[in-house]
Colleague: 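Below is the structure I would like to discuss, written out as structure tokens.
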Amino acid sequence: PLQNLHLISRSIHHPYYPSSKFQRPPLRISIQLFSSLNRLPLRKTKLLNVKYGYQFHRNFWLARLASRLLKLRYLILGSAVGGGYTAKKTYDQWKDMMPDLDEYKWIVPDFIWELDEHIDFEKLIKAIPDADELAKLLPDFDKIGESFTSLKGLFSPGSPGETAFRATDQGYDNDKQYKKVITILQNLSLKYQRMLERLEKENKELRKLVLQRDDKGIHQRKLKKSLIDMYSEVLDILSDYDASYNTQDHLPRVVVVGDQSAGKTSVLEMIAQARIFPRGSGEMMTRSPVKVTLSEGPHHVALFKDSSREFDLTKEEDLAALRHEIEIRMRNSVKEGCTVSTETISLSVKGPGLQRMVLVDLPGVISTVTSGMAPDTKETIFSISKAYMQNPNAIILCIQDGSVDAERSIVTDLVSQMDPQGKRTIFVLTKVDLAEKNVASPSRIQQIIEGKLFPMKALGYFAVVTGKGNSSESIESIKEYEEEFFQNSKLLKTCMLKAHQVTTKNLSLAVSDCFWKMVRESVEQQADAFKATRFNLETEWKNNYPRLRELDRNELFEKAKNEILDEVISLTQVTPKHWEEILQKTLWERVSTHVIENIYLPAAQTMNSGTFNTTVDIKLKQWTDKQLPNKAVEVAWETLQEEFSRFMTEQKGKEHDDIFDKLKQAVKEESIKRHKWNERAEDSLRVIQHNALEDRSISDKQQWDAAIHFMEETLQSRLKDTESVIEDMVGPDWKKRWLYWIGRTKEQNIRNETKNELEKLIKCNEEHAAYLANDEVTTVRKNLEARGITVDPCLIKDTWHQIYRRYFLKTALNHCNLCRRGFYYYQRHFVDSELECNDIVLFWRIQRMLAITANTLRQQLTNTEVRRLEKNVKEVLEDFAEDNEKKVKLLTGKRVQLAEDLSKYLLYSVLELPSHKLY
């Protein structure tokens, strides 16, 4: 089938047969050796000696005359590309320019003038504008071929035609008339050749102009994406989904496979008409699959699917930048410890005259793992190649290096395994120029192209030349070299290769046609299967979640993202009073133990108010310098975390969706982990706290009463804790023992007796110090031993600490009651009064410091830290949005999976295209 894809006629080549008849002076002329490369630039070929008197050369020129007269075939086939009207008009012009050959009718056999009896020329002319009618003309062309066969037999050596022409030649003695015939034929050949080339160039320029006008919006219409771009996007989207569905593996694409350094990349560059891939000398350059989408456009540009930058392929600096970018993307996609990657790089190339198709360039197949490669490189490349080739609708472009022995090929065996019947394989032999020089038997190349040497089968076989091996060569120079090579190649002269099987241009046409044929055959079938599956999924969704929208994982993530950001913003709506109450309460819970144990109790053991105040000031100063600011910042940070967690985790009634719980928890933890409090906050807070604690002036009775209330609450809480500790030490009292039938342990009995002795000691001396003297410990121990109870001195001291603590707290509470009326004496600095309330002043200072600290922390929270936390949350959400694995891990469940399946099959609606658009 691929032989019908090439629009140029096959060559007519006549070997040279010498003769021993009389000779005339040689005439040197320049001719075209074969007509099948008429699209190539016209070049002067080797001059051939034309000798007079040889009848076979008459045969040759008459064949060329018939060939030129039948140039109509080029016009008809070219009309499918350039337009029927232009071709018909050009035909009429050519017909008018034809010279009058009436006086040369004696040269042309009679059957030439009878061609109109075999061919309906009116039918041909009417069919020119309509490309769909071309197929009806094939029988006429078959008759032309039969006429050429008759013509060749007529002028073959030894035929009756040769005898007739000899007789005619003997009567011909006008050399000028003969030269005039040759000149006319030669001029006609050159004129028609140039005209075809000019028309082809004009057609290309007109197409470019139309595309540019559409691109600029001259027609005032919204441009739609091309079909190939839409198809490529479907492949990109499907490749991102779970491979277990295998849907992406049933859509066609052209898979380029070959041995390493066989010329895969060079062939792809020739098809794309730009040197877009990084190159190396013998080393592996293609380290990951590269999907290239080719489409027609007014400008020759390239761009990646995830980037908006366009690379101008007509500029060398953009080409270098593109090659560098591809190399960087390949290296970044390769994981540590690996040599190749399965991650696909998607690239689009647009330009005038490019054939529409999607190609995937794969890493070259290797036979040996060299140093510096991962041990599993060979197996990985095989698995990647098989994964792409096992697609039943993939077109396999098998690249074989023609400059090496065919027996060294690895890829041909691999391709034959994946496509044993060759129904979707196109074989390409590269470096044919080197093969022609190095191969001892040219027939071996012919065997390869005819599919007789390799065990694999293929739809078609092509021979190409992709340059001289110089990485700096341009595409134009490579094309010129390829055309020049095949013009002079013995492989074509001797008919070992057919004209439609050579050049990358013919290869590109063939691959594109095969690609779209495969697309037409597979897309409709795939679309029907997708519809059926989607219907089943929609039914399941309606039965299970009738009141919910079908949101896939990405849409759910966006919804959760908005909810989280709303909850973060809710932090700014918390009232200042709420912040300060929480901060003040939490801070006092954190520092109360230090204040009571390390500041108040030691100061209360002093003998007078002056010593009390001095001790308090020193300890407060030390506490403010070393611990208090840091404790305050810790409390503020923990409070912010608790409020943030409360907003994130609280359920909002029926609107709460527990599918977001794991995601919200992960966002909260990561945001808190990233957040750091402002380092300068402690320094400013230290100054504020120090100034607050230095103030001793209570302005009114209300503040005095508030300080007393604060002190009483604190002391009562401590007294309650102390009572609980003593109860645990001595065991239950007689009421609990009688009501709950529980008793004391032996140790509890010992501690209870010790407690009783120590209480007697306090009753005897209510002004007793906080610590027992050694002789007092001995006295208590001996009293207990007298009753048969052996007690350790450490147990006595431990028990005394709790007993004295309880006694002290009760005394301090009684003192609070006495100080309720002490504000008047405080204002007079307790002059002429036995009442001293310095402890009330201490607690007022502590209370005021807590309020000021809470106010300062609240300002830092609302003005700075909440906004910084919001910024961290946004950054975390952005990072999670780019991490598909994280989203899959945090958004799970049957509902999510079902929505994912539905979204996938919704994308396949792109494939439901009218069949005529696929042509």
Side-chain angles (χ1 to χ4, degrees), residues 2-16 30-48 64 67 74 77 189-190 193-194 196-197 200-201 262-263 266-271 273 353 355 397 399-403 426-439 441-451 458 460-470 473-512:
L2 291 177
Q3 294 178 359
N4 295 326
L5 300 179
H6 182 49
L7 304 181
I8 305 175
S9 65
R10 300 184 179 181
S11 62
I12 303 174
H13 181 72
H14 300 280
Y16 178 76
S30 176
I31 62 172
Q32 186 78 11
L33 293 183
F34 49 89
S35 62
S36 60
L37 294 177
N38 284 330
R39 294 194 179 189
L40 306 180
L42 187 64
R43 295 180 177 274
K44 294 291 183 178
T45 59
K46 183 178 178 182
L47 296 176
L48 300 180
R64 287 184 56 82
S67 175
Y74 288 98
L77 297 178
S189 175
L190 295 174
Q193 179 71 18
R194 293 192 185 100
L196 280 175
E197 292 174 358
E200 187 178 40
K201 184 177 180 180
S266 299
V267 171
L268 200 54
E269 287 181 334
M270 291 295 291
I271 295 176
Q273 297 183 18
Q355 299 298 320
L397 198 61
I399 309 298
Q400 171 63 34
D401 189 347
S403 64
I426 297 176
F427 181 87
V428 181
L429 185 67
T430 62
K431 305 178 184 179
V432 181
D433 53 340
L434 299 179
E436 187 180 37
K437 295 178 183 178
N438 301 333
V439 176
S441 175
S443 61
R444 191 172 178 85
I445 299 178
Q446 183 180 9
Q447 289 179 330
I448 295 176
I449 296 301
E450 292 177 353
Y461 297 81
F462 289 86
V464 299
V465 175
T466 55
K468 302 178 182 179
N470 186 358
E473 287 181 293
S474 66
I475 293 296
E476 292 299 325
S477 62
I478 295 175
K479 291 169 70 173
E480 291 177 2
Y481 173 71
E482 182 183 43
E483 294 164 2
E484 182 178 0
F485 167 77
F486 282 116
Q487 282 180 347
N488 302 316
S489 174
K490 296 180 181 179
L491 298 173
L492 276 177
K493 291 179 180 180
T494 57
C495 296
M496 291 187 179
L497 296 180
K498 298 177 182 178
H500 69 275
Q501 292 181 312
V502 298
T503 72
T504 50
K505 183 174 183 179
N506 293 341
L507 171 65
S508 178
L509 290 168
V511 174
S512 177

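Values below: every heavy atom of this structure, side chains too, minus hydrogens, waters and symmetry copies.
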Colleague: Under the rule for side-chain hydrogen bond (donor to acceptor under 3.5 Å, both in side chains), what residues qualify as partners of E482, not counting sequence neighbours?
Modeller: T504
Colleague: To the nearest 0.5 Å, how far apart are CD1 in I399 and CG in L429?
Modeller: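 Reported to 0.5 Å precision, the distance equals 9.5 Å.
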Colleague: Can you see which heavy atom on F427 is nearest to which on I448, and at what distance?
Modeller: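 Residues F427 and I448, closest heavy atoms: CE2-CG2, 3.4 Å.
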Colleague: Could you pull out all residues at least two apart from E473 that satisfy salt bridge (charged side-chain N to carboxylate O under 4.0 Å, His left out)?
Modeller: none
Colleague: Just verifying a value: how many Å separate Y461 OH and K498 NZ, rounded to the nearest 0.5 Å?
Modeller: 12.5 Å
Colleague: Minimum heavy-atom separation for A463 to V432, with atom names?
Modeller: CB-CG2, 3.6 Å
Colleague: S489 and E436: which non-hydrogen atoms are nearest, and at how many Å?
Modeller: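 For S489 and E436, the tightest heavy-atom pair comes out as OG-OE2, 3.1 Å.
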Colleague: Determine yes or no for a side-chain-to-main-chain donor-acceptor pair under 3.5 angstrom, with T430 supplying the side chain and A262 the backbone.
Modeller: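 Checking the backbone N and O of A262 against the side chain of T430, a donor-acceptor pair under 3.5 Å is found.
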Colleague: Where do S477 and S474 come nearest, in terms of heavy atoms and distance?
Modeller: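 Scanning both residues completely, I find the closest heavy atoms to be OG-O, 2.7 Å.
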Colleague: First locate atom CD of E483, then atom OG1 of T503, and finally report the distance between them rounded to the nearest 0.5 Å.
Modeller: 7.5 Å
Colleague: Evaluate the side-chain proximity of Y481 to D433: yes if any heavy-atom separation is below 4.5 Å, no if none is.
Modeller: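 Yes - at least one pair of side-chain heavy atoms lies under 4.5 Å apart.
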Colleague: Partners of Q447 by side-chain hydrogen bond (donor to acceptor under 3.5 Å, both in side chains), sequence neighbours excluded?
Modeller: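 Per chain and number, Q447 pairs via side-chain hydrogen bond (donor to acceptor under 3.5 Å, both in side chains) with no residue.
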Colleague: Can you give me the closest heavy-atom contact between I478 and G467, atom names plus distance?
Modeller: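 Heavy-atom minimum between the residues: CG2-N, 3.5 Å.
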Colleague: So, do M270 and I475 sit near enough that their side-chain heavy atoms are less than 4.5 Å apart?
Modeller: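 Yes; the side chains approach each other to less than 4.5 Å.
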Colleague: Just so I know, are the side chains of L397 and L507 near enough to count as touching, which here means a heavy-atom distance under 4.5 Å?
Modeller: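 Yes. Closest side-chain heavy atoms under 4.5 Å.
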Colleague: Considering all heavy atoms of both residues, which atom of G353 and which atom of Q273 are nearest to each other, and what is their separation?
Modeller: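 Residues G353 and Q273, closest heavy atoms: O-NE2, 4.1 Å.
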